[in-house]
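All values below come from the heavy atoms of this structure, side chains included, with hydrogens, waters and symmetry mates left out. If you're wondering where the values come from, they're calculated on a predicted model, not measured in any experiment.
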Amino acid sequence: MSRTEAYDPREEEVLARIERFRRKRPRLKEDAVNLAHGAGGKASAALVDAVFVEAFSNELLEPLGDGAVLELPSGDRLAMSTDSFVVNPWRFPGATIGSLAVHGTVNDLACMGAQPTWMSVAFVLEEGLAVDDLRDIVEDMAEAAARAGVTIVTGDTKVVNKGAADGLYVNTTGVGVIPKGRRLAADLVRPGDKVFVTGNIGDHGMAVMVARGDLNLDADIRSDTAALNGLTETLLDAAPHTRWLRDPTRGGVGTVVNELVKATDLSVVLAEHALPIDRTVLGACDILGIDPLYVANEGKLVAIVPPDEARAALDALRAHELGKDAAVIGEVRAEPAGTVLLQTSFGGSRIVDMLVGDPLPRIC
Amino acid sequence: MKFVDEFRDPAAARTLVREIRDLAAPDRHYKFMEVCGGHTHTIYRHGIEQLLPDNVELVHGPGCPVCVIPMGRIDDAIHVARTPGVIFTSFGDMMRVPGGSGSLLEAKAQGADVRMVYSPLDALKVASDNPDRDVVFFAVGFETTAPSTAVTLLKAKAAGIRNFSVFCNHVTIVPPIRAILESPDLRLDGFIGPGHVSTVIGNRPYRFVTRDYGKPLVTAGFEPLDVLQSVYMLLVQLAEGRCEIENQYTRVVHDEGNPRALQILAQVFELRPHFEWRGMGFISQSALKLNDAFADWDSELRFDVPGVRVADPKSCQCGEVLKGVIKPWECKVFGTSCTPETPIGTCMVSSEGACAAYYNFGRLHDVVATSDDVTSLPVA
C-alpha cells in the first residue's frame, strides 16, 4: 500500500511549499561572518552570492565551480583553480597541511578534466612559528607536487603578528591544460547515469577530528589525501563519456551530489548499502552522531558515468591503487528534480539535503 | 561493527514489518509516542515511518534535550558567555539554538569566547589549561547526560579547580511525560520509552504511566530494529489486552537503572521547584540544580545571570509539536519562516528535533522506488 494514498492533502500542500522554498538560492541574513559561512553548505552559498558574485560577476565566474575554464585565442583551454588551507592541526595521520594544499588544488583541476601543470603557493605565517615546522610542511609540499607532476612556479610569504593567525595558512593556485575534445560538465548528466565514488568516504574529515584530540577517541584513522590526476586520467581513458567529476572535500559526498542536482534539476538516488565506508570511520561517526555522507574527503572522486561505460569505469578504477574500493553508489533520475534521496539499508528512504553549517555532534 | 549490523538487518526488518501489519487491526488507528529525540532521529534517518502501515502512527515526544530549553535560558547563557574573562563551553548542537537575541554561534562571531566541547570533562580540562580564565560549562540534557556533569563537578571539587562552573539546565523525563498524559488534547495508545535515560533511572519510574493512565510503555534502544521491535511489542500488548512496562533494550537497561549514577546525581544535584520548558511552560520539580555543597561551582551564583524570560514567538508551535498534539508539518511556520537555516523554534535546530528531522529526512515519502537497486550495472 502506498503511503501517498493516506496523506492528508494539507500535508501535500506543505511539502510542495517547502520544496519551492528549499530550491530557492539561500539568502544571506547575518550581519557578521560566522563559522557556518565557511562550511560549504547553504550558509557558504548565501555568503558567496551576496558578497562575491555581487561584486565580481562575470560569465567565467558565474558557474561557481571549483575552478574556471579559460579559452586561449589558439583554441586551447586552460583550467585555473585556487584554494586556501587553514586546517588545524597541521599534522594528522596520513598527511600534513602541505601535501593537503597541493592535493586540494591538483584535484580541483583534475575534476575539470585538466592535467595540472603549474602551481603557486602563498603562506601567511604567524610570528613565532618554528622554522623547522615550516620546513617540514614545505618539504611535504615539494614531494606532493613532484608526485602529482606539477611545478611550483611562484609564491608569496606574509608574516602577521602573534595571535593574528593560527600558526600558518596556505593558499595554492593551480593551472592545468584541458586536452582537446574533453568536456566535463553538469549539463551533460542524464537520467540513468551511474554515480560512482572512488573509495571509502569520510576518512580525511574523521582523521582530522580524531587528531584534534578533543574527541577522546583512540581510533586508527588516516587521512586519504592524495593527488587524483592519475586516477581521473585512468577513468577518462576507460569511460571517455564520463559526464561530471567532483572531489567531495568539505561537506562530503552529500554536499557535492546536492550541488549536482541543484545545477541540473535532476535527481540522484543513492543506496546506503553501497556506500564504501571504513568500519572504524563508521563507528566514530555513529558515536558522534555525524552522517559520513557529510564528512570531508581529500583523496576521493564522485563521478557521473553513462550506464554503457559504467562497467568499464568500475573495472578501471578498481585496478588503480587509489580506486581499489570504488563503488557504484547510485543513479541519476529525472524526478524529484533538484533532490538527493537515499535508499536506506533498512528498507526505507530519506532525503539527503545540503547541510546548513558544519555538522555538529549531537548531545546524546 | 557486527554489533551494529545485527540491529540494522533488512531481512529482520521485513519480518518485523510483516508481523506489525498482521497485528495492527485494520479498523483501528494506533498512535505511539517516541519520547526520546534519539528515536525520532533513528525513525527518520532509516525511513521507518514508511515501513509502518498507515494506521500505525508515530508521534514525536519531548525528549530532545536541545528542543526543551526555553529561549530565556539561551539568552542567559549568552549573557554569561559575554562576561569579560569567560570561556563558555557548550555541546555542539546547543550552539545554533536561537534565544530571544541570537545564538551562541552568533555571540562567538561577535567576539565571545564560546568553544564546542564533547563532554563536561573536556570543559574541565579547558579550565585547568586556562587558570586565569573563568570557564563555564553549559549543562543540558536529561538523566542521560546529567551523571557526566555530576562526575565532572566531583572531580573539580576534588582537584580544587575553582575557575570552573556549571550553568545547569539538566531536566528530568518523568514530569514532562506526566504533563503530556494530563494534556486533554492528546490521545495516545502507548509510549516508546527513552532508552538512554532508562540506563540511568531504570524502568520503575514509569510505573505511573501504566498504573494511573493505563498506557503501555516499552523502553527501546536506538537502532532501527530496536524501534520496530518496540512498536511490535506495544501492538502485542494491545492485542492481548495487557498494559505493562516492558523492556526491549535489555542489553543496556536494567529495571533498577544504574545505582552508582543515581547516587552521584543525588550527591551533586537537587530538584528545582519549577523549571520552564520550551513550549510547555513551567513544570514543577522537572529540572536539576547544583546543591549547596557545590554552590561554588554554580554559574548561576557566580555570575549575574539575568533570568531572562522570553515568550515563545506567537507563530511558533513547538510546544504542541513536543506534546505530540500536532505533526511538525502542521505548525503554521514549518518550512517557510522556520527552517533549519532560520529556525524559530528549537525543534528545527537539533537533528533530534522532530521538525528538523521531518524537514531534512521526511519529505517526499512517496517518490522513492525502493524495489530496484540503483547500483546495479548493465550486463556487459
Q: Parallel, tilted or perpendicular: which fits the ring planes of B:His39 and B:Phe222, with parallel below 30° and perpendicular above 60°?
A: parallel

Q: Which region of B:Lys327, side chain (C-beta onward) or backbone (N, CA, C, O), has a non-hydrogen atom less than 4.5 Å from a non-hydrogen atom of chain A, or is it both or neither?
A: neither

Q: Can you say whether A:Leu270 sits under 4.5 Å from chain B via the side chain, the backbone, both, or neither, judging by heavy atoms?
A: backbone

Q: Could you walk me through whether B:Phe142 and B:His170 pass the ring-ring contact (aromatic ring centres under 6.0 Å, His included) test, one step at a time?
A: CA-CA 6 Å; B:Phe142 288 87; B:His170 284 300; 9.5 Å; no

Q: B:Arg45 versus chain A, heavy atoms under 4.5 Å apart: side chain, backbone, both or neither?
A: both

Q: Judged by atom type as modelled, is there a donor-acceptor pair below 3.5 Å linking the side chain of A:Lys194 to the main-chain atoms of B:Ser376?
A: yes

Q: Any sub-3.5 Å donor-acceptor pair from B:Thr145's side-chain atoms to B:Val140's backbone N or O?
A: yes

Q: Any idea which of A:His273, A:Glu30, A:Glu272 has the most non-hydrogen atom pairs under 4.5 angstrom with chain B?
A: A:His273

